[in-house]
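A quick write-up on the structure given underneath.
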Amino acid sequence: MRLPALLQGDATFTPNIHLTMQIEQPSPKDILWSKNFIAAACANFLMFLAFYMLLPILPIYLTDQFDANKSIVGIILASYTITALIIRPFAGFMVDSFPRKPLLMICYAAFILFFGGYLLAGTLLIFAFIRAAHGLAFGLVTISNSTVAIDTMPSSRRGEGIGYYGVSSNLAMAFGPTIALFLLDLSHNYDTVFIVSLVAGCIGFGCVNLIKLPARKIDNGPKEPISLDRFILLKGIPGMLPMSLISFSYGILSSYLAIYGKEEVGLASGTGLYFVLMSVGLISSRITAGRMLNKGLIIPLILTGLYILATAFCLFIFVKNAFGFYTSALLMGIAYGCICPSFQTMFINLAHHNQRGTANSTFFTSWDFGIGAGVLIGGAIADISNYTTAYLFGLTLIAVGYTFFRLITAPYFNKNKLR
């Protein structure tokens, strides 16, 4: 038997079939987890951590330190959201008009300094002024940082990137209130919470400093005239109404959850666990939704999220026990985790690249407007009737938002999207 030439050591043997192995390396343009993106996400986490640490203690602080009544406390707390809402459109204009990294550093530094201001506020009037001004800084820094983060994402993975970026604020929502209440129980000193918030913000500022952005090209041509489209994305208006109707329900939920759980569900405590479960749902759905957004499934994700949101509110309203209460938390997290990054991606895909900041501010403006309206109108309905009626009104608006989105917003987006 003659052995194959190769086994006989025949140097002249040439195989007829050439086997080659090619290992494909991801293009640098497609890498999501770059140093810049990680720095932006960490800065966002620490910014929202500082923000959420103050939320559970400020009502108590204002009552204990300044003997403020409920109406005064409500006005002071609402001023933060109102000033943030007012500055949003101007924030988008600034982000699109000025170098983004220096603007972000200025806005982030201003946001941090106000935490020190809380330590120095000696009267209720000064505290109220600082809180309102802090809302302006918050409105600016959230638009600046989110736009810079989007700049660091490869366009092929932008939907996934927006999802992961949102996870950083969701983690802060879960940990911030818990850390603040733990520190307050440990030290019995409000200043401890303010100082830790200040330190968290300073570390976040260090993360911002690590971000490296390429220099933007300076356009020496004629300047575009100032128009409404520089402040609000006009092409995004059909999406603003359903977004505001959806966030209206969140405004009622987040503001009156503890009272509703105690008075109408019969749970003496559990607000913290509710938000932890909601955060779990938000994080899990954002990660999954991000990958689906990369495939262009914006409309299906929003519609799916609205189905889940309506189901969650039905559980929340009609199943008044611990099971319905906490199951709705998980479902609401999943729903908002599908809806929010999808709407943000929708606004961005309707805008030109030089309108990215305006698209972001339009998204946040519609979200904040709905939340503010939910707090004010929901509270008024509860005063006239009860919290169940207020939540039923929120559920009705979700149904209206779904109908408007399906019949008007979705066809408009499919016709006018740029990418």
Side-chain angles (χ1 to χ4, degrees), residues 31-54 80 83-84 87-88 90-119 130 133-154 157-158 160-176 179 194-216 286 341 344 348 353-354 356-361 363-364 368:
I31 295 175
L32 174 60
W33 292 100
S34 64
K35 293 180 180 178
N36 287 332
F37 178 71
I38 292 172
C42 289
N44 188 61
F45 169 75
L46 291 163
M47 174 180 67
F48 274 98
L49 183 70
F51 167 75
Y52 280 115
M53 283 180 66
L54 297 192
Y80 189 94
T83 53
I87 202 66
R88 293 287 196 199
F90 300 97
F93 171 77
M94 293 170 67
V95 168
D96 287 335
S97 302
F98 300 102
R100 286 173 181 164
K101 170 72 179 292
L103 179 64
L104 172 58
M105 294 189 70
I106 293 170
C107 295
Y108 209 107
F111 175 75
I112 296 168
L113 289 175
F114 282 107
F115 288 97
Y118 295 133
L119 293 166
I130 291 173
H134 202 182
L136 294 174
F138 180 74
L140 288 168
V141 73
T142 47
I143 298 298
S144 299
N145 199 68
S146 62
T147 305
V148 166
I150 292 170
D151 286 344
T152 68
M153 302 172 192
R157 301 184 68 182
R158 185 170 293 146
E160 185 180 359
I162 289 174
Y164 281 118
Y165 180 80
V167 166
S168 63
S169 56
N170 298 147
L171 287 172
M173 182 177 72
F175 289 114
I179 293 172
F194 292 137
I195 290 171
V196 173
S197 298
L198 178 63
V199 171
C202 290
I203 298 172
F205 182 79
C207 294
V208 167
N209 193 46
L210 297 176
I211 300 173
K212 307 294 182 184
L213 293 179
R216 296 176 68 188
R286 274 186 177 273
Q344 189 173 12
I348 291 169
H353 293 303
N354 63 348
R356 194 170 287 163
T358 303
N360 260 332
S361 71
F363 166 75
F364 283 108
D368 286 346

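Here, residue 1 is the first one in the sequence, and each next residue gets the next number. These numbers were taken from a predicted model, which means no experiment stands behind them.
Counting heavy atoms from C-beta on, the side chains of Gln344 and Ile150 come closer than 4.5 Å. No side-chain heavy atom of Leu32 sits under 4.5 Å from any side-chain heavy atom of Thr152. Contact of the Met153 side chain with the Ile162 side chain is registered, since non-hydrogen atoms from C-beta on lie closer than 4.5 Å. A heavy-atom distance below 4.5 Å is not found between the side chains of Asn360 and Val95.
Ring geometry, Phe205 versus Tyr108: the interplanar angle falls from 30° to 60°, so the pair is classed tilted. Taking the six-membered ring for Trp and thresholds of 30 and 60 degrees, Phe93 and Phe98 have ring planes more than 60 degrees apart, a perpendicular arrangement. Ring pair Tyr80/Phe138 is tilted by interplanar angle, where 30° to 60° counts as tilted.
Closest approach of Leu210 to Ala39, counting heavy atoms only: CB-CB, 4.3 Å. Of all heavy-atom pairs spanning Leu198 and Gly116, the tightest one is CD1-N, 4.2 Å. Contact detail for Ile143 and Ser361: the closest heavy-atom pair is CD1-CA, 3.4 Å. Between Leu140 and Ala91, the closest heavy-atom pair is CD2-CB, 3.7 Å.
Under the salt bridge (Lys or Arg N to Asp or Glu O under 4.0 Å) criterion, Asp368 pairs with Arg88, sequence neighbours left out. When the salt bridge (Lys or Arg N to Asp or Glu O under 4.0 Å) test is applied to Arg158, no partner is found at least two apart in sequence or on another chain. The ring pair (Phe, Tyr, Trp, His ring centres under 6.0 Å) test applied to Phe194 returns Tyr61, Tyr118, not counting sequence neighbours.
A salt bridge (charged side-chain N to carboxylate O under 4.0 Å, His left out) check over residues 160-172, counting only residues at least two apart or in different chains, returns the pairs Arg157-Glu160. The list of salt bridge (charged side-chain N to carboxylate O under 4.0 Å, His left out) pairs with a residue in residues 136-152, not counting sequence neighbours, reads Arg100-Asp151, Asp151-Arg356.
To the nearest 0.5 Å, the span separating CD1 on Ile348 from OG1 on Thr358 amounts to 11.5 Å. Atom CZ of residue Phe363 and atom OG of residue Ser146 lie 9.0 Å apart, to the nearest 0.5 angstrom. In this structure, SG in Cys207 is found 10.0 Å from CG in Asn145, a value given to the nearest 0.5 Å. Rounding to the nearest 0.5 Å gives a distance of 12.0 Å between CZ of Phe111 and OG of Ser144.
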For residues 40-54, please give each side-chain donor-acceptor pair under 3.5 Å, one per line with the distance, not counting sequence neighbours.
residue, atom, partner, partner atom, Å
Asn44, OD1, Tyr165, OH, 3.0
Asn44, ND2, Ser168, OG, 2.8

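Side-chain atoms of Asn36 do not come within 3.5 Å of backbone N or O of Ile211 as any donor-acceptor pair.
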